Amino acid sequence: VTSALDDKGRIVIVGTGLAGLRAAESLRSEGFTGEITMVGDEPWEPYDRPPLSKQALVGFMPPDHVRLPRLVPLEPVSWHRDTSAVRLDRDHRQVELDDGTLLDYDRVLISTGVRARPWPDMQQATLDGVFVVHSVEDSLALRERLANKPQRVLLIGAGFVGGEVASACRMLDLDVTVVEAGPTPLCGSLGATIGKMAAQAQRDFGVDLRCGVTVEALEGDADGRLRSVRLSNGTSLEVDVAVAALGAIRNTEWLGDSGLAAGPQGVTCDTSMRAVDSSAMVTDDVFVAGDVARFPHPLFGYELISLEHWKAAVLQAEVAAHNMVCHESERRPFVNVPSFWSIQFELNIKVVGLPNIADEVVVTQGSVADRRFVAAYGRRGRLVAAVTVNQGRYLEFYERQIAEAAAFPTDRALTDAPEDAQPEPALVLVPNKTTHQSPVTLAGEWPGSLHAESTWTPEVGK
Ligand SMILES: Cc1cc2nc3c(=O)[nH]c(=O)nc-3n(C[C@H](O)[C@H](O)[C@H](O)COP(=O)(O)OP(=O)(O)OC[C@H]3O[C@@H](n4cnc5c(N)ncnc54)[C@H](O)[C@@H]3O)c2cc1C
């Protein structure tokens, strides 16, 4: 790579989580020898979040031993830990910190991620016994409370994090109630087929699962300790620990007057991870990566999507770092097929593509009853996602099929799908409007140098 930024270049990275660290490492791997400044509002070294709702809660690893491995030396690098960026001044190319420091930059990376959505009533949220799980501190505090053997733990929300924490609590032999507004766990993103299976798995593991119900209020005693919750069906439940697993909020407030297209849905960028301004014009010196990024995906109608996926954060960071320092002609896009995983109730769930845009689903291998299967998801005759449960080896096949915009249902000759496998409605609870209609497929080297190629052949005269 010929560097467009020489050794006098200054790069500021705001947000020192997975994407921030991987971007800094990629800058050094790309041969950048200039100044790197890392700004993070947490006191810790960059760390990994997935174990915080899984292994760390059951004692397989201490929650404060999740530091990310350093893949390449970063030095020289200056760190501003426990320090928030409060403003981005694009006219003067400066990042302002909460201690008043102004950092000059030639390129800046926004990798500020998301935070847990707290229980909406501020007073109830501060009751002793109410938790969220997002940071090391959250996981440490919850783990300590779980070790004190609470009478009953309530999970508010049965998405991925909710299910993982409930699973950890059952491994600790604690009584657990899960309250989910939708008809099943995981139905928001994976739909009814997996949702029903996940509901049965939770019940088999002893969870008191209540779906189609919401929590209306958290009630405390005179000492401010959580004692009970009131549910929308008029019943009450005695609990001494409640974990709000209500999704995430993007950390974009500090960009309020930056002139960027930043808001509650993230910071919008193009596939080169360059931020766009509020007129949707692409910038050349502001880059975005990780959970905070909102980008167009060629495979999915070029519509803007955000992912909260570990692998996307890593790959976006690599693309952003490359494009920060390379010449214009050498820029690369981030166009990879989305993928993520979750482990709960002995279900090893792996997802490729976007199940929440699907209208149909079909089980193509294995058996749902045995909890070992593959489900393929389609939208208007095209494959858009696949989920494997305890059967990860088919994942790469489906990832490639999605990249090639393969037809749905998948050709039986390519899989050992049962003859009678019939697509049924996906029934995703929070469907994404995004389409899968762009006439493109992905080509190039996996996973790093993919690009989209048009397959459009316009009919002359039409
Ligand atoms: C409990 C949990 C379990 C998960 N499990 C899985 C899983 O099983 N599989 C999977 O694929 N993904 C999982 N994820 C998602 C995955 O961890 C994220 O996709 C990944 O961490 C994103 O990296 P990031 O760098 O964008 O954000 P982060 O790692 O969150 O880093 C962002 C950093 O920026 C900091 N920051 C925010 N605002 C500012 C500011 N103004 N100034 C300075 N610093 C700031 C934040 O405090 C944070 O340290 C999980 C996430 C959580 C919370």
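This structure is a prediction, so every number in the text was calculated from the model and none was measured. In each ligand, atom 1 is the first atom listed, and ligand 1 is the first ligand listed.
Of all the listed residues (Ala293, Ser84, Gly15, Ala248), Gly15 holds the heavy atom that lies closest to atom 34 (O) of ligand 1. When the options Pro43, Pro338, Pro50 are ranked by their closest heavy atom to atom 4 (C) of ligand 1, first place goes to Pro50. Of the candidates Val14, Leu18, Val314, Val39, Leu18 brings a heavy atom nearest to atom 23 (O) of ligand 1. For atom 20 (C) of ligand 1, the choice among Leu307, Asp41, Asp291, Asp138 with the nearest heavy atom turns out to be Asp291.
Contact annotation: for Phe160 versus ligand 1, there are no heavy atoms closer than 4.0 Å.
Each of Arg294, Arg250, Arg115, Arg117 was checked for a salt bridge (charged side-chain N to carboxylate O under 4.0 Å, His left out) with Glu308, and the lone residue meeting it is Arg250. Exactly one residue among Thr37, Thr16, Val39 makes a side chain to side chain contact (heavy atoms under 4.5 Å, CB included) with Trp79. That residue is Thr16.
The contact set between ligand 1 and Thr83, taken as ligand atoms under 4.0 Å from a residue heavy atom, comprises 43 (C). The contact set between ligand 1 and Phe340, taken as ligand atoms under 4.0 Å from a residue heavy atom, comprises 11 (O). Near Asn251, with a cut-off below 4.0 Å to any heavy atom, the atoms of ligand 1 are 37 (C), 38 (N). Ligand-side atoms of ligand 1 in range of Ser111: 32 (C), 33 (C), 34 (O), range being under 4.0 angstrom from any heavy atom. In summary, the atoms of ligand 1 found under 4.0 Å from a heavy atom of Val133, numbered by their order in the structure, are 1 (C). Proximity to His309 (heavy-atom distance under 4.0 Å) selects the following atoms of ligand 1: 11 (O), 19 (O). Contact atoms of ligand 1 toward Gly290: 26 (O) (distance under 4.0 Å to a heavy atom of the residue). Those atoms of ligand 1 with a heavy atom of Ala313 less than 4.0 angstrom away are 22 (C), 23 (O).
The protein heavy-atom contact nearest to atom 53 (C) of ligand 1 is His134 ND1, 3.3 Å. Protein heavy atom in closest approach to atom 9 (N) of ligand 1: Trp341 O, 3.1 Å. Ranking protein heavy atoms by distance to atom 37 (C) of ligand 1, first place goes to Thr112 O, 3.1 Å. For atom 51 (C) of ligand 1, the nearest non-hydrogen atom of the protein is Arg49 CB, 3.9 Å. At the shortest separation from atom 3 (C) of ligand 1 among protein heavy atoms lies Ser53 OG, 3.4 Å. In terms of protein heavy-atom proximity, atom 31 (O) of ligand 1 is nearest to Gly17 CA, 3.3 Å. In terms of protein heavy atoms, atom 15 (C) of ligand 1 is closest to Glu308 O, 3.6 Å. Looking only at heavy atoms of the protein, atom 25 (O) of ligand 1 is closest to Ala19 N, 2.8 Å.
A donor-acceptor contact shorter than 3.5 Å is absent between the side chain of Gln401 and the backbone of Ala406. Remark: the backbone N or O of Gly263 is paired with a side-chain donor or acceptor of Thr252 at under 3.5 angstrom. Of the possible donor and acceptor atoms, none in the side chain of Asp89 sits under 3.5 Å from a partner among the backbone N and O of Arg93. A donor-acceptor contact shorter than 3.5 Å links the side chain of Arg90 to the backbone of Ser258.
At a threshold of 4.5 Å between non-hydrogen side-chain atoms, the residues Leu109 and Val14 do not count as touching.
Below 3.5 Å of separation, one finds an N or O of Glu42 facing an N or O of ligand 1. Ligand 1 has a nitrogen or oxygen under 3.5 angstrom from a nitrogen or oxygen of Trp310. Polar contact with ligand 1: present for Ala85 (N/O pair, distance under 3.5 Å). Not one N or O of Gly113 is nearer than 3.5 Å to an N or O of ligand 1, by distance alone. Below 3.5 Å of separation, one finds no N or O of Tyr47 facing any N or O of ligand 1.
Within a 6.0 Å radius of CD in Glu396, no more than 12 heavy atoms belonging to other residues, nucleotides or ligands are found. Lys350 NZ: 12 or fewer foreign heavy atoms inside a 6.0 Å radius. Around CD of Gln265, the count of heavy atoms belonging to other residues, nucleotides or ligands within 6.0 Å does not exceed 12. Few gaps surround CD on Glu45; more than 12 heavy atoms of other groups in view lie less than 6.0 Å from it.
The residues Arg10 and Asp106 are annotated as salt-bridged, a charged nitrogen and a carboxylate oxygen being separated by less than 4.0 angstrom.
Note on ring orientation: taking the six-membered ring where Trp is involved, the planes of Phe295 and His297 are tilted (angle from 30° to 60°).
In this model, a donor atom of one side chain and an acceptor atom of the other lie less than 3.5 Å apart for Thr364 and Tyr398.
What you find for Arg371 and Asp204 is that their closest heavy atoms are NH2-OD2, 2.5 Å.
Heavy atoms of Lys54 approach ligand 1 to within less than 4.0 angstrom.
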